[in-house]
Amino acid sequence: MFVCLYVDDILFTGDDPTMIQDFKQSMVKEFEMTDLCLMAYFLGLEVKQCSDGIFISQTKYATEVLKKFAMEDCCPADNPVKYGTKLTKEGEGDLVNPSYYKSIVGCLRYLTCTRPDILYGVGLISRYMEKPRSSHLKTAKRILRFVKGTASYGLFYSSSQNLEITGYSNSDWAESLEDRKSTTGFVFFMGETAFTWTSKNNLLLHYPHVKQNTLLLHCVCVMQYG
């Protein structure tokens, strides 16, 4: 059985109904508690449980984020980051309010809990929170525009018995204009659903003789130990 506690909210699950019932009764005896039955909403995560699987999304949270930054009526974007986008610390345009920019980044970062499709873009704009400029803010708002058109997206965990694990990784091969570092990303699936993902700057500089299987090994190590 697995138990998750956050402040005064507790979640528990397992494959033994008797153990779950015993745990529930023992907790009720010790603490004043309210049983909300099957999980439906927790810390911004919306959970829909049905016979063929579980769908997890952050639709309500995404809508609140759009309203917070006055983007609820914006035109949706087809993708979170425009192809060929390259940002630098110097940026382009005027300086923008760092607190406002950091707030956007923070809200979007929490949205990546169920949205691996925006992780690369959020990681990109996270690098420029010290002195953000108009070009950085424009890129951040494009992600918000993408969220506008995909607010209902999420992850579906099928009840299928397919437990095959498949992983994919890639790198942009030293695309950073400032330090020659690469951005490496990976996503691993169990069956048809992603269960872990990342997108981050490599700790090492890129050299032409480094092979892609070395980068894949780095990805696996990050997943297992990072």
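- Once rounded to the nearest 0.5 Å, the distance linking CG of Leu111 with OG of Ser57 reads 10.0 Å.
- In this structure, Leu95 stands alone, with no Ile, Leu, Val, Met, Phe, Trp or Tyr side-chain heavy atom under 4.5 Å from its own, directly or through other members.
- Applying the 4.5 Å side-chain rule to ILVMFWY residues, one finds Met1, Val3, Leu5, Ile10, Phe12, Ile20, Phe23, Met27, Phe31, Met33 in the same cluster as Met19.
- Within 6.0 Å of CD in Gln49 there are more than 12 heavy atoms belonging to other residues, nucleotides or ligands.
- Between Phe146 and Asp78, the shortest heavy-atom contact is CE1-O, 3.5 Å.
- Among residues at least two apart or in separate chains, salt bridge (Lys or Arg N to Asp or Glu O under 4.0 Å) pairs with a member in residues 12-30 are Lys24-Asp35.
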| query | Can you check side-chain hydrogen bond (donor to acceptor under 3.5 Å, both in side chains) on Thr88 and Arg127, steps first, answer last? | reply | CA-CA 9 Å; Thr88 61; Arg127 303 172 191 172; over 6 Å; no
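- The stretch residues 113-125 participates, sequence neighbours left out, in these salt bridge (Lys or Arg N to Asp or Glu O under 4.0 Å) pairs: Arg115-Asp117.
- Among residues two or more places apart in sequence or in another chain, the side-chain hydrogen bond (donor to acceptor under 3.5 Å, both in side chains) test is passed with Thr85 by none.
- Under the rule for a side chain to side chain contact (heavy atoms under 4.5 Å, CB included), the partners of Asp9 that lie at least two apart in sequence or sit in another chain are Phe42.
- Val28 shares a hydrophobic cluster with no other residue; no ILVMFWY side chain has heavy atoms under 4.5 Å from its own.
- Between atom CD of residue Glu32 and atom OG1 of residue Thr34 there is a gap of 7.0 Å, rounded to the nearest 0.5 Å.
- Here Pro116 pairs with Leu155, Trp197 under the side chain to side chain contact (heavy atoms under 4.5 Å, CB included) rule; sequence neighbours left out.
- Checking each of Lys102, Lys200, Arg109 against Ser126 for a side chain to side chain donor-acceptor pair (under 3.5 Å) leaves exactly one that passes, namely Arg109.
- Residue pairs that meet the salt bridge (Lys or Arg N to Asp or Glu O under 4.0 Å) test with at least one member in residues 45-69, sequence neighbours left out, do not exist here.
- Contacts classified as salt bridge (Lys or Arg N to Asp or Glu O under 4.0 Å) and involving residues 131-159 (residues at least two apart or in different chains) are not found.
- Applying the side chain to side chain contact (heavy atoms under 4.5 Å, CB included) rule to Phe189 yields the partners Tyr168, Val187, Ala194; only residues at least two apart in sequence or on another chain are considered.
- Contact detail for Tyr61 and Cys107: the closest heavy-atom pair is OH-O, 2.9 Å.
- Scanning for side chain to side chain contact (heavy atoms under 4.5 Å, CB included) contacts around Ser160 gives Ser158, Asn162, with sequence neighbours left out.
- Classification of the Phe195-Phe188 ring pair by plane angle, with boundaries at 30° and 60°, yields tilted.
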